[in-house]
*Asks:* 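Below: one structure in structure tokens.
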2 protein chains.
Amino acid sequence: MTTEAEQTANGSRNHAASHRVADYLRAAILSGEIGPGERIRQEDVAERFGASRLPVREALRILEAEGLTEHEPHKGARVPSLSMRDLSVIYQIRERLEPLALTESIPNLSENDLRELDRLQQRIEADTGIDEFLALDREFHLMTYTGCRVDQLSMMVVRLWNSTQHYRRAFMKVSGSGRRWVINAEHRLLLDAMERRDSVDAERHLAGHIRRTRTELSRHPEVFGGPTP
Amino acid sequence: MTTEAEQTANGSRNHAASHRVADYLRAAILSGEIGPGERIRQEDVAERFGASRLPVREALRILEAEGLTEHEPHKGARVPSLSMRDLSVIYQIRERLEPLALTESIPNLSENDLRELDRLQQRIEADTGIDEFLALDREFHLMTYTGCRVDQLSMMVVRLWNSTQHYRRAFMKVSGSGRRWVINAEHRLLLDAMERRDSVDAERHLAGHIRRTRTELSRHPEVFGGPTP
DNA sequence: CTATGCTAATTTGGATCCAATGTTCCCTCG
DNA sequence: CGAGGGAACATTGGATCCAAATTAGCATAG
């Protein structure tokens, strides 16, 4: 599962233009280049992408179905803003879904995958900037689900990550780096359980990891004030 | 939550043509008119719908993102076939997600909603044909989630129902009507817990209901052989 | 008689053009 | 001076046209 493939939120290597545009826009939204509430004009995208508006329109329909954009007839597309309640429920969904994905994945992970996860965690523990941390953390978690062979489940998980990416960044910026220490410990416990192929234990650690993040997040309502003026 | 609105899998009353076509195709797939493995030709749909191919193309992108169709460049769209494992995992997802949606929903349900649910259950208990039963059962369950105000969660639930609709029909046809008795009892227990606003109990009954259906389903592998020759 | 390769027809993908709707800005009237 | 209306502009939605790719059918050679 390459980073590129993850972004597409589906395993198919469908490289029609609509999908390339969708990937481009998805990346722009995930990177924060396009923030919540911001509008997306079809012609701008078409021009920047060097194509006509048609593939852009199809791409916007895809993103709409993924929940990454909202549409109003004759008004266009914008990135939706989430409320604290929305975000909290999304974390509750993750808390129930991702352990399942993990259990589905663990039997299919190779020893090599596990070594790669270990290397990733070492890079996470190095003192990097926030953006690099976010990217690595995302890569780490999604990689633990690499072995999950059920497309619909992996897709759902990736989409949950996608729709919260912006708020995760805002959260990291205000919550300080004290949490990184906790996160690393939790990752280590998770990795240990995975190396023992102990699904039950791994599920428990993962659910706790997500639940604690949600709790911490709920203490920072200022995350919602900043980027949507 | 009207039946029509449910089908769209999102609360927005976005009645652009692409969405009307998407609704039309979705209904055709759910009703079994278009079965797994079957191909969808753009021009056919456009003609039958009295529009050009463009809205159809956008609609197909939407359905693709919803997992209701697969696409290959220059080959077109088809309804994907699910394996027994896929279906089983989808039921495991439902077993974890729907109880959450129920808990989110229960506090927001009016007394009137509950009475309506009761009437629905009475209609389910009447001895109807399979297709009517499937429609009513779907309406019943989705109605229990009416109070869930988190779009992403309701959307996920509806899509899980959508992607399994065809196999649920096939299952009912082979499993005989003995199960209906069990289903009715489980629905009654669920309704009772909901009327007491006991989320914990309701979650337990719902999870059990879904789990037992999955178990029963796994005893009927012939469901996958029939409709996809 | 079968297999392979070429050609023609079908179907999807993309671009441009036109129509419908929404928005903005300015002018006029109270 | 402010509010309301209208016209010009900007943006999205839909239809038709053309190009690219795949598939199917046929002919020919082994």
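Proteins get letters first, then strands, A, B, ... in listed order; numbering begins at 1 in each. Not measured: the values here are computed from a predicted model.
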*Asks:* For residues 47-56 of chain A, which side-chain N or O atoms pair as donor and acceptor with protein atoms under 3.5 Å away, sequence neighbours left out?
*Replies:*
{"from": "A:S52", "atom 1": "OG", "to": "A:L54", "atom 2": "N", "distance (Å)": "3.1"}
{"from": "A:R53", "atom 1": "NE", "to": "A:Q42", "atom 2": "OE1", "distance (Å)": "3.1"}
{"from": "A:R53", "atom 1": "NH2", "to": "A:Q42", "atom 2": "OE1", "distance (Å)": "3.3"}

*Asks:* Just say parallel, tilted or perpendicular for the rings of B:H141 and B:H209, cut-offs at 30° and 60°.
*Replies:*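 Aromatic pair B:H141/B:H209 classed parallel.
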*Asks:* A:F171 ring centre to A:R168 NZ or CZ under 6.0 Å, with the angle to the axis within 45°?
*Replies:*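 The answer is no; the distance or angle limit is not met.
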*Asks:* Any heavy-atom pair between the side chains of A:D113 and A:E111 that's under 4.5 Å?
*Replies:* no
*Asks:* For B:R85, is the CZ atom crowded, meaning more than 12 foreign heavy atoms sit under 6.0 Å from it?
*Replies:* no
*Asks:* Starting at the 5' end of nucleotides 11-20 of chain D, put B wherever the base has a protein heavy atom under 4.0 Å, S where only the sugar-phosphate does, and a dash everywhere else.
*Replies:* SBBBBB----
